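The structure under discussion appears below in the form of structure tokens.
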Amino acid sequence: MQAIRFVLICGVFLLFTTGLSAQGYTSAVGARLGSPLSLSYKTFLSTTDAVEVYAGLRPYRKYGSFSLNGAYQIHADLSEVDGLQWYYGAGAGFQVWSYRNFDRGSSTFSLSGYLGLEYLIPDFPLSVTLDWVPTLFVGRHRVPGFNRFGPGYGAIGIRYILD
């Protein structure tokens, strides 16, 4: 019975999305699978300039954080592959940290750079991204050995195109 419902839902989904073109979009919503693990919303201000905002969690064993981030990104086509673009940009964020070994948390601000690829799946309302987000943290952090600069951040993003 559940398999039949799944097939019907997929059929209705495809029926309503067949008219969408993957050559470009105005806005999309989805997830960033990386650090932080986030829900994301991206909207284009022009054919090349986009704003992305995302809220995320970093659930580590000894500490974790909740963050709000925003980025301004500039996109350019890669002419060799239809639907593939690269982008670069900059952004800022705010993180609230909690710790299992301390009685108080802390907060940091962050400044980030963005370098990535975005692929729009042809004839399907989905975009897939891969980006590198080196980040500089400003503020107090209670974990010994905390690096204020983190070159290892980034994510794989999957977004549903809304228009």
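All figures in this text were calculated on a predicted structure; none of them were measured in a lab.
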- Message: Grouping I, L, V, M, F, W and Y whenever their side-chain heavy atoms are under 4.5 Å apart, do Val81 and Leu115 come out in a common cluster?
- Response: yes
- Query: What is the minimum heavy-atom distance between Leu126 and Ile161, and which atoms define it?
  - Reply: N-CD1, 3.8 Å
- Message: In the structure I gave you, are the side-chain heavy atoms of Leu78 and Leu117 within less than 4.5 Å of one another anywhere?
- Response: yes
- Message: I need the Thr26 OG1 to Asp163 CG distance, nearest 0.5 Å.
- Response: 4.0 Å
- Query: What residues, two or more places apart in sequence or in another chain, satisfy side-chain hydrogen bond (donor to acceptor under 3.5 Å, both in side chains) together with Thr135?
  - Reply: Ser112
- Query: Where do Tyr114 and Gly91 come nearest, in terms of heavy atoms and distance?
  - Reply: CE1-N, 3.8 Å
- Message: When you measure from the centre of the six-membered ring of Tyr63, is the NZ or CZ of Arg58 closer than 6.0 Å and no more than 45° off the axis?
- Response: no
- Message: Does either side chain, that of Trp97 or that of Thr108, offer a donor lying less than 3.5 Å from an acceptor on the other one?
- Response: yes
- Message: With rounding to the nearest 0.5 angstrom, report the OG to OH distance, Ser40 to Tyr54.
- Response: 8.0 Å
- Kindly determine whether Tyr153 and Phe137 satisfy ring pair (Phe, Tyr, Trp, His ring centres under 6.0 Å), including the steps that lead there. CA-CA 12 Å; Tyr153 294 110; Phe137 294 96; 5.6 Å; yes
- Apply side-chain hydrogen bond (donor to acceptor under 3.5 Å, both in side chains) to the pair Gln95 and Ser107, showing each step before the final yes or no. CA-CA 5 Å; Gln95 299 78 33; Ser107 60; over 6 Å; no
- Query: Within 45° of the six-membered ring axis of Tyr160 and under 6.0 Å from that ring's centre, is NZ or CZ of Lys42 located there?
  - Reply: no
- Query: Can you pull the salt bridge (charged side-chain N to carboxylate O under 4.0 Å, His left out) pairs that have at least one residue in residues 68-77, sequence neighbours excluded?
  - Reply: none
- Message: Tell me if the CD1 atom of Ile156 is crowded by more than 12 foreign heavy atoms within 6.0 Å.
- Response: no
- Message: Applying ring pair (Phe, Tyr, Trp, His ring centres under 6.0 Å), can you list everything that pairs with Tyr119, at least two apart in sequence or on another chain?
- Response: none
- Who else is in the cluster with Leu57 when I, L, V, M, F, W and Y are joined by side-chain contacts under 4.5 Å? Phe66, Leu68
- What residues, two or more places apart in sequence or in another chain, satisfy side chain to side chain contact (heavy atoms under 4.5 Å, CB included) together with Ala90? none
- Task: Output all residues satisfying side-chain hydrogen bond (donor to acceptor under 3.5 Å, both in side chains) with Ser27, sequence neighbours left out; order by chain, then residue number.
- Result: none
- Message: Checking side-chain polar atoms at under 3.5 Å, does Glu118 have a donor or acceptor matched by the opposite partner on Ser127?
- Response: yes
- Sequence-distant partners of Pro134, side chain to side chain contact (heavy atoms under 4.5 Å, CB included), two or more places apart: Trp132, Phe149
- Query: Could you go step by step and tell me if Asn69 and Val53 meet the side-chain contact (heavy atoms from CB on, under 4.5 Å) rule?
  - Reply: CA-CA 6 Å; Asn69 300 280; Val53 292; over 6 Å; no
- Query: Is it the case that one hydrophobic cluster holds both Leu33 and Leu130, taking links as side-chain heavy atoms less than 4.5 Å apart, direct or via other members?
  - Reply: no
- Hey, what do you get for CZ (Phe44) to CG (Asp49), rounding to the nearest 0.5 Å? 9.0 Å
- Task: With sequence neighbours left out, write down each residue that passes ring pair (Phe, Tyr, Trp, His ring centres under 6.0 Å) with Tyr88, or none if nothing qualifies.
- Result: Trp86
- From CA spacing to verdict: side-chain contact (heavy atoms from CB on, under 4.5 Å), Arg159, Thr129: CA-CA 8 Å; Arg159 290 186 196 86; Thr129 62; 3.4 Å; yes
- Message: Quick one, Ser110 with Leu136, criterion side-chain contact (heavy atoms from CB on, under 4.5 Å). Give me CA distance, side-chain angles, the key distance, then yes/no.
- Response: CA-CA 5 Å; Ser110 60; Leu136 175 66; over 6 Å; no
- Considering residues at least two apart in sequence or located in another chain, which fulfil the salt bridge (Lys or Arg N to Asp or Glu O under 4.0 Å) criterion with Arg32? Glu52, Asp131
- Query: Considering all heavy atoms of both residues, which atom of Gly56 and which atom of Ser38 are nearest to each other, and what is their separation?
  - Reply: CA-OG, 3.4 Å
- Apply side-chain hydrogen bond (donor to acceptor under 3.5 Å, both in side chains) to Ser65 and list each qualifying residue two or more places apart in sequence or on a separate chain. none
- Query: Which atom names give the shortest non-hydrogen contact between Leu120 and Gly24, and what distance separates them?
  - Reply: CD1-N, 3.8 Å
- Message: Checking Phe109 now: which residues fulfil ring pair (Phe, Tyr, Trp, His ring centres under 6.0 Å) with it, not counting sequence neighbours?
- Response: Phe94
- Query: With sequence neighbours left out, what residues match Thr47 under side chain to side chain contact (heavy atoms under 4.5 Å, CB included)?
  - Reply: none
- Message: Quick check on the hydrophobic clustering: are Tyr41 and Tyr87 connected, directly or via other members, by side-chain heavy-atom contacts under 4.5 Å?
- Response: no
- Query: How far does CD of Gln73 sit from OG1 of Thr48, to the nearest 0.5 angstrom?
  - Reply: 11.5 Å
